[in-house]
Amino acid sequence: MGQQRTQQLVAILQSSATWTTAFALASELGCSPRTVKSDVAALNRQTPGLVEASGKGYRLADAGRAAELLVPAVADVPQTAEERKRQILFDLLMRHRDVSAEELAGRLCISLATLDNELVPIKRELAGYGLTLCQRAGRLFVYGSPAREKKLVSQLIFDETKGFFTQVDLINQYFPRLDLPALQRRVDGCLRDAGYYINGYALSNLILHIAIFAERTLNGFAPGAGATVRAKLAGAHHDDQALDALVVRVRAVIEDVCGVGISAGDMESLRLMLSANLINSGGEAPDDPEFRAALELFGGIELRVRDEYGLDFSDRDFQLRFSLHLANLLSRSRQGMWLRNPQLRDIKEGCPFIYEVAVFVAGEVQEATGIQVAEDEIAFIALHVGCLAEEQQANADKLHAVFVSLRHNATDAGRLDDFSRELRSRVVIDGVVSSVADIADPSGIDLLVSSVPVAPGYPVPVVSVSPFLSHRDLEAVSDRVRSLMRVRRRSALEWGMRTFFSKEFFAIQLAAVDWRDLLLSMSEALVAGGYAFADFGERLLERERMASSVYGDIAMPHPVDMDARRTAVSVALFPKGISWDGSVVYLVVMLAIRRADRAFFRDIFDHIADVLSSPGAVRAIARAHDYEGFIEALLSYV
């Protein structure tokens with residue numbers, strides 16, 4: 001267990017006033033719950049009685065000895081090869097165009113020889129994105145197109161989220177005086193009691209927004225001028241009086257849980273966020289000079305972030321909530337008052353790529369306004385960026401739906417809430433409208449669920465339901481969702497297979513051979529074709545020594561790490577079977593996957609698992625007569 005993770009684990013437990021589950025610790029530390037349990041056991045071996053365990057999770061039993069462990073002797077130095085790799089990539093892709101190898105080794109507290117060894121997997125990862133790590137005159141730099149660098153940086157940003165930014169109990173550490181889980185439960189209950197629906201990500205972002213202005217108030221900031229004019233909600237389908245009553249109730253919850261008074265400006269921001277996220281997305285921006293300036297500023301930031309990092313800030317809800325944050329930031333700056341963030345260092349060191357995007361945003365703010373944004377404020381910007389990145393990652397594979405309903409009252413909202421809960425693992429509900437005419441651009445919608453007739457020829461698949469959203473309606477929508485996802489999955493798999501399953505590496509083996517010889521001959525062909533590195537065969541055998549790559553009737557040899565030059569899949573069919581480490585396999589699928597194509601790696605594994613669940617499927621596929629027949633046979637099980 002690394003010293004840095006040890007200190008992080010102890011620090012999390014020290015900051016918690018109650019039990020902390022292994023899952024929550026794992027989410028924050030970026031490891032598995034099993035690793036957390038091993039780490040706690042190791043801690044208690046080193047310092048007996050330090051951590052108490054129960055069915056509720058873990059908590060510190062000896063605060064004094066915990067404080068001794070948190071002395072920051074080497075906490076700033078990456079302790080593992082993975083931590084050092086991230087630091088090196090960060091330096092090369094975000095901080096400097098080139099770095100001194102000697103200085104880098106010194107900062108990492110390793111020798112130059114160790115640095116050379118640890119650069120090997122980094123070179124492979126860069127190569128997977130078409131980039132080259134070069135060394136010249138004792139300095140390191142990355143050579144390749146800026147677009148490919150941005151693609152790698154975007155992936156590293158997404159890798160940092162780990163389901164953290166929208167878990168309110170984990171974000172709570174950045175607001176130590178607030179009880180965000182309690183706030184979320186109370187606000188969610190308040191909305192439900194009023195008959196309103198809000199999806200999980202919108203709720204998490206609402207709580208983050210509330211937390212920021214509550215923290216500002218706790219720190220003694222005067223109300224800002226931003227967003228103080230009532231939002232004009234043209235096209236929204238809320239009853240204004242009902243919404244006003246809801247805002248008052250939510251305000252009472254905030255004041256009770258957080259112990260703060262809410263300013264008129266923050267009330268209007270809250271009203272706007274609720275109007276934009278509760279069962280529709282029809283809220284318009286407030287007619288307020290401060291907000292209009294922030295919205296204009298956001299437009300420039302959106303373009304620059306997309307150009308610099310390849311991140312998409314165009315999401316309308318993000319535009320709203322982040323522009324509100326910018327408006328308040330600008331207002332605070334004019335009063336010379338900044339938010340304080342006691343966990344700035346944790347955000348900065350734990351998510352350096354996301355934090356770097358926030359620094360870039362702050363730079364854009366300074367260039368446009370002359371305002372130098374404080375580091376504590378940058379950390380709050382990082383929370384917004386992290387939430388967006390996490391939301392986009394989680395929603396990438398889901399269908400997007402819009403509901404059409406002539407009227408939408410509290411009873412309807414309650415039904416929609418229950419209905420949506422049944423679908424949310426596969427569907428993101430973008431909003432509720434009274435007519436398809438209210439949908440300005442249907443191109444971003446995968447499915448329309450309508451309780452009113454829709455004219456034939458609408459460019460999006462339509463499922464007609466009753467106004468009561470019965471169990472039969474749920475089944476109808478679920479069936480259509482499954483059908484659409486099957487078509488989407490087949491299309492994506494077919495594209496991937498025809499792109500990466502090459503005829504060049506396809507063979508039907510009528511005679512049995514030794515599986516080791518087969519593995520080496522197939523790997524040599526991939527190396528010779530420029531797809532895999534020279535040690536590919538050795539690493540395949542190393543993987544086989546760790547655990548066989550046989551899954552039922554299929555062998556899927558691949559290295560432990562994904563580090564191919566280019567992605568390619570080599571296939572060998574054995575209609576009569578081949579002996580492989582004590583098993584008989586009929587299909588060999590050898591995977592050379594570069595990191596940029598890791599999603600395909602996961603998809604093909606998932607599909608093979610589905611094929612294995614169909615009796616006789618593998619043997620039927622192995623009887624294909626040619627490449628085209630093999631592809632069609634494999635796709636027939638989608």
Side-chain angles (χ1 to χ4, degrees), residues 154 157-158 160-168 170-175 178 180 184 199-216 224 226-227 266 269-270 272-273 276-277 285 291 294-295 297-306 308-333 338-341 343-344 346-348 350-366 368 371 373-395:
S154 294
I157 289 169
F158 286 125
E160 282 184 351
T161 62
K162 298 186 178 74
F164 168 83
F165 286 93
T166 49
Q167 293 188 46
V168 171
L170 299 182
I171 288 180
N172 204 155
Q173 65 175 301
Y174 304 125
F175 303 90
L178 304 177
L180 297 190
Q184 178 168 277
N199 70 54
Y201 282 103
L203 178 60
S204 295
N205 279 295
L206 176 64
I207 297 303
L208 174 61
H209 178 79
I210 293 170
I212 290 174
F213 72 63
E215 182 77 11
R216 180 183 71 233
D266 287 332
S269 293
L270 176 63
L272 181 61
M273 286 202 72
N277 287 294
F291 185 85
L295 198 60
L297 176 59
F298 176 86
I301 289 172
E302 177 190 345
L303 295 174
R304 293 282 289 125
V305 168
R306 180 184 301 164
E308 191 72 19
Y309 299 103
L311 289 180
D312 184 5
F313 274 17
S314 64
D315 179 82
R316 187 186 181 283
D317 290 337
F318 178 75
Q319 178 189 52
L320 168 65
R321 62 180 180 257
F322 192 65
S323 294
L324 283 169
H325 182 82
L326 283 176
N328 285 321
L329 186 154
L330 295 173
S331 178
R332 289 194 302 274
S333 71
W338 299 105
L339 291 181
R340 292 288 300 164
N341 192 325
Q343 301 295 333
L344 163 65
D346 289 342
I347 299 174
K348 189 174 182 179
C351 303
F353 286 93
I354 290 173
Y355 185 81
E356 192 69 16
V357 176
V359 171
F360 179 81
V361 170
E364 293 297 300
V365 171
Q366 181 174 351
I371 295 170
V373 181
E375 273 202 312
D376 294 89
E377 293 277 3
I378 292 173
F380 286 116
I381 292 174
L383 288 177
H384 280 284
V385 174
C387 279
L388 176 68
E390 191 167 294
E391 184 176 351
Q392 289 179 344
Q393 190 172 37
N395 289 340

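Please read these numbers as outputs of a predicted model, since none were measured by experiment.
Residues Leu326 and Ile301 form a side-chain contact, since some pair of their non-hydrogen atoms from C-beta on lies under 4.5 Å apart. The closest side-chain heavy-atom distance from Phe322 to Val361 is below 4.5 Å. Annotation: side chain of Gln319 is in contact with side chain of Leu295 (closest heavy-atom distance under 4.5 Å). In this structure the side chain of Arg304 never reaches within 4.5 angstrom of the side chain of Phe313, judged on heavy atoms.
In plain terms, the two heavy atoms of Ala294 and Ser323 that are nearest each other are CB-O, 3.4 Å. Nearest heavy-atom pair, Ile354 versus Ala382, reported as atom, atom and distance to 0.1 Å: CG2-O, 3.5 Å. Here the shortest heavy-atom pairing between Asp312 and Arg306 reads OD1-NH2, 3.7 Å. Looking at every heavy atom in both residues, Phe318 comes nearest to His384 through CE1-O, 3.6 Å. Between Leu180 and Ala211 the shortest heavy-atom distance is CD2-CB, 3.7 Å.
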Next on the checklist: Let's go through Ile381 and Val365 carefully: what are the C-alpha distance in whole Å and the side-chain angles of both, what is the deciding distance for side-chain contact (heavy atoms from CB on, under 4.5 Å) to 0.1 Å, and is it a yes or a no?
Outcome noted: CA-CA 11 Å; Ile381 292 174; Val365 171; 5.7 Å; no
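Distance check, rounded to the nearest 0.5 Å: CG of Leu383 to OH of Tyr355 gives 11.0 Å. Taking CD of Glu377 as the start and NE2 of His325 as the end, the distance is 5.5 Å to the nearest 0.5 Å.
Contacts of Gln366 classified as side chain to side chain contact (heavy atoms under 4.5 Å, CB included), with partners at least two apart in sequence or in another chain: Gln372.
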